[in-house]
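Input: a single structure, listed below in structure tokens.
If you're wondering where the values come from, they're calculated on a predicted model, not measured in any experiment.
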Amino acid sequence: MTTLAVSTVVASGRFELVNVRQHLLLMAKWRVLWVVLVFALIAFAALVRIAILGLFADAPRNTDVFAALVPQRADIVDRNGVPLARAFPAYSLWYNPAALDGDGPPLVRSPRAVAEALARIFPDMDVAETEARLASGKPGYLRRRILPEDANKVHELGEPALEFPRETERFYPQGSMAAHVLGYVSADGHGHVGMEEVFDKRLTDPAQRGIPAALSIDTRVQGALEDELLKGMADSAAKGAAGIVLDVDTGEVLALASLPSFNPNLIDRAGEANIFNRVTNQVYELGSTFKPITVASAIDAGTITDLSRRYPADRPIEIGGFRIRDSHDLGASLNVPESLVQSSNIVTALIADELGAARLNATMRALGMNERPYIELPARGFPLWPKGDWSRITTMTVSYGHGIAVTPLHLASAYAALVNGGLWRPATLQKVQPGVEIPGRRVFKASTSARMRQLLRMIVDVGTGKKANAPGYRVGGKTGSAEKPGVGGYQRSNLVATFAAAFPMDHPRYVVIAMLDEPQGTVATSGQRTAAWNAAPVVGRVVPRIGPLLGIMPDDSRDVDITDVAPLVANGDGE
């Protein structure tokens with residue numbers, strides 16, 4: 001019987017192949033499973049992390065995003081949005097003697113060599129001073145606010161002790177313009193002196209620092225005022241000047257200048273030179289600019305009822321051992337308009353004597369002359385105010401601006417009340433929104449204010465204020481030239497020359513004050529030192545420059561009606 005032999009080679013090969021496939025499939029499934037498990041673990045860990053953060057971590061803050069979008073200190077802008085102060089990131093140059101963390105010298109080269117190398121990068125840097133600071137071994141700023149390219153040049157010197165911290169710096173795009181209004185920000189990050197100090201918390205408040213703080217200042221008006229005051233100082237060789245432009249209806253200060261000024265960008269290097277504010281902090285006897293206030297008080301009180309009444313003016317007043325006289329002979333007698341046009345001390349003193357101490361005192365108090373000036377600035381001088389009951393001599397001298405010392409800002413606010421219908425309002429450096437009515441306290445009757453507009457206009461038209469007469473702008477105002485008090489009495493050689501004005505007098509909008517401290521008689525002022533020759537021309541140049549900027553165009557067809565008082569005045573030149 002034949003046996004059939006079946007080969008098992010093929011069968012066994014197929015079996016092994018099936019086993020290999022099954023093994024590979026199994027391995028693939030395990031790999032997929034491990035990948036899925038890894039991703040699941042990652043997802044689980046992420047979920048756990050999120051849960052932990054949600055339950056135990058501090059709540060997410062938006063300050064980082066906010067800080068990236070807004071400055072660390074809010075901008076300050078003028079009334080039209082022009083930037084006056086801005087914050088921006090900048091580099092500083094810092095000396096760190098401990099940078100090398102060793103016992104050796106902090107500098108690779110000598111302090112002298114490093115100082116000379118720095119002076120080549122920063123030409124205004126004092127080599128000797130820088131050398132001394134480097135040699136002292138004390139850390140500190142060598143320079144604030146340097147350009148990136150200058151930082152690169154310093155880096156190339158190879159001195160590890162010279163570092164460049166990135167900080168937020170305060171920048172004043174207008175330079176020294178309105179410096180006494182703005183103040184400055186010191187190295188401690190806080191504002192000083194001006195509105196930087198007043199607004200310090202508001203400017204750094206995270207909730208508000210993204211919104212610029214708007215001032216009442218108009219940079220165009222500010223620039224014109226500063227420019228003309230500087231010219232007035234140069235023409236008269238004065239040692240200083242002050243000026244204001246004030247809105248008579250709102251009390252807004254459109255310009256405030258104290259000269260010489262300072263550059264707040266350079267305060268860390270220039271120190272505090274010229275930082276004193278002559279407008280709000282220095283008090284002066286402002287002389288004859290007080291005479292219209294005395295006349296207005298007498299008209300209000302009814303002691304002046306007839307402007308044509310004549311007062312003796314041909315002899316000095318002898319009282320209390322003092323003599324009240326005029327600068328020169330003004331004639332045998334003067335009426336009220338003539339006394340203002342020719343600026344008579346004698347007649348003004350007689351008017352004040354009739355008015356009486358109590359009523360003149362009350363008027364001055366109502367105008368805030370016995371208090372620090374009303375404005376936001378921290379530097380506000382206290383007036384030299386005659387204490388107690390005023391004697392006859394005190395009343396007489398105060399009537400023409402002697403024996404009482406106030407700031408130019410006091411005078412500006414008083415003149416606003418003289419011409420705006422009789423309401424005194426506090427001055428402000430914060431922008432007042434259009435249509436907002438600012439309350440005031442009544443000092444003069446509206447009829448008295450109307451009369452004073454006539455008289456002030458006449459002073460400029462035919463009197464001591466002729467050089468302030470800007471054609472078409474209907475300027476009215478009063479000169480004042482007062483001797484400065486000193487050791488042993490008043491100093492005839494040192495004057496404060498002031499012109500207080502308003503325009504246009506048919507519908508007053510703005511008061512303009514120009515004051516020169518110790519002007520000299522020069523060729524430009526025809527050898528004269530009085531306000532008629534130096535301060536009045538400043539106003540005469542300022543008004544035509546700022547009028548069109550403020551919407552007031554020259555118009556020769558309009559003027560305040562002075563037909564009822566003009567016949568009372570003959571042409572005259574006073575101080």
Side-chain angles (χ1 to χ4, degrees), residues 286-317 324-357 359-360 362-364 367 392 395-402 414-415 417-419 422 443-466 476-480 499-502 505 508 532 559-575:
L286 294 174
S288 297
T289 58
F290 270 48
K291 290 173 182 174
I293 298 173
T294 300
V295 169
S297 182
I299 292 174
D300 241 27
T303 57
I304 291 179
T305 56
D306 182 3
L307 295 181
S308 65
R309 174 190 169 186
R310 307 198 71 79
Y311 297 80
D314 56 346
R315 55 185 178 276
I317 300 173
I324 297 174
R325 63 178 186 274
D326 289 328
S327 59
H328 58 281
D329 183 15
L330 299 178
S333 65
L334 299 170
N335 59 34
V336 172
E338 288 173 334
S339 74
L340 288 175
V341 165
Q342 299 193 48
S343 198
S344 171
N345 293 341
I346 294 173
V347 173
T348 306
L350 293 174
I351 291 172
D353 196 34
E354 285 187 356
L355 175 63
R359 284 183 287 204
L360 184 59
T363 297
M364 296 298 178
L367 293 172
R392 284 186 70 198
T395 303
M396 288 182 173
T397 57
V398 166
S399 73
Y400 56 86
H402 282 71
Y415 265 67
L418 268 181
V419 302
V443 180
F444 305 111
K445 299 173 184 175
S447 58
T448 299
S449 179
R451 180 65 78 188
M452 295 313 301
R453 292 196 289 271
Q454 292 178 304
L455 296 175
L456 290 170
R457 177 72 181 114
M458 281 181 43
I459 293 170
V460 172
D461 191 30
V462 299
T464 59
K466 287 179 181 178
K478 182 71 184 77
T479 53
F499 192 76
M505 291 308 291
D559 210 333
V560 61
D561 184 5
I562 58 173
T563 54
D564 59 334
V565 292
L568 300 176
V569 178
N571 290 349
D573 295 316
E575 55 178 48

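With contacts defined as side-chain heavy-atom distances shorter than 4.5 Å, the pair M505/V419 qualifies. Put simply, the side chain of Y400 does not reach to within 4.5 Å of the side chain of S343, judged on heavy atoms. Counting heavy atoms from C-beta outward, T289 and F499 have side chains that stay 4.5 Å or more apart. By the 4.5 Å heavy-atom criterion applied to side chains, K478 and Y415 are counted as neighbours. Residues H402 and F290 form no side-chain contact, since every pair of their non-hydrogen atoms from C-beta on lies 4.5 Å or further apart. Side-chain contact check for L334 versus S344: some heavy-atom pair is nearer than 4.5 Å.
Of all the heavy atoms in F444 and D300, the pair that sits closest is CA-OD2, 3.2 Å. P312 and V347 get closest at one heavy-atom pair: O-CG2, 4.3 Å. Considering all non-hydrogen atoms of both residues, L367 and A417 come closest at CD2-CB, 4.0 Å. When all heavy atoms of A357 and T395 are compared, the closest pair comes out as CB-OG1, 3.1 Å. Summarising the geometry of V341 relative to G463, their closest heavy-atom pair is CG1-CA, 3.4 Å, with the distance given to 0.1 Å. Taking all atoms of both residues into account, the shortest heavy-atom contact from N345 to S288 is OD1-OG, 4.1 Å.
Taken to the nearest 0.5 Å, the CD atom of E338 stands 8.5 Å off from the CE atom of M458. To the nearest 0.5 Å, the span separating CG on L456 from CD1 on I562 amounts to 11.5 Å. Between the CG atom of L418 and the CZ atom of R453 there is a distance of 10.5 Å, given to the nearest 0.5 Å. A distance of 12.0 Å separates CE of M452 from OG of S447, quoted to the nearest 0.5 Å. Taking CD1 of I346 as the start and OG of S339 as the end, the distance is 11.5 Å to the nearest 0.5 Å. The structure places CG of N335 at 5.5 Å from CG of L568, a figure rounded to the nearest 0.5 Å.
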* To do: I would like to know whether R309 and V336 meet side-chain contact (heavy atoms from CB on, under 4.5 Å); could you show each step before the answer?
  => CA-CA 7 Å; R309 174 190 169 186; V336 172; over 6 Å; no

* To do: Show the numbers, then the answer: is there a side-chain contact (heavy atoms from CB on, under 4.5 Å) between T464 and I459?
  => CA-CA 6 Å; T464 59; I459 293 170; 3.8 Å; yes

* Passes side-chain contact (heavy atoms from CB on, under 4.5 Å), V295 versus T348? Steps please. -> CA-CA 8 Å; V295 169; T348 306; 5.6 Å; no

* Check the pair S297, T363 against side-chain hydrogen bond (donor to acceptor under 3.5 Å, both in side chains), reporting the backbone distance first and the verdict last. => CA-CA 7 Å; S297 182; T363 297; 2.7 Å; yes

* Going through the checks in order, is the side-chain contact (heavy atoms from CB on, under 4.5 Å) test met by T303 and R359? -> CA-CA 11 Å; T303 57; R359 284 183 287 204; 3.7 Å; yes

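Counting only N and O atoms by type, the side chains of K291 and S399 include no donor and acceptor under 3.5 Å apart.
Heavy-atom neighbours of R310 CZ from other residues, nucleotides or ligands within 6.0 Å: above the threshold of 12.
Q454 contributes a side-chain N or O that, together with a main-chain N or O of D561, makes up a donor-acceptor pair within less than 3.5 Å. Formation of a donor-acceptor pair under 3.5 Å by the D329 side chain with backbone atoms of G331 is found in this model.
Using a cut-off of 4.0 Å between Lys/Arg side-chain N and Asp/Glu carboxylate O, R451 and D564 are scored as salt-bridged. Using a 4.0 Å cut-off between charged side-chain N and carboxylate O, R392 and E354 make no salt bridge.
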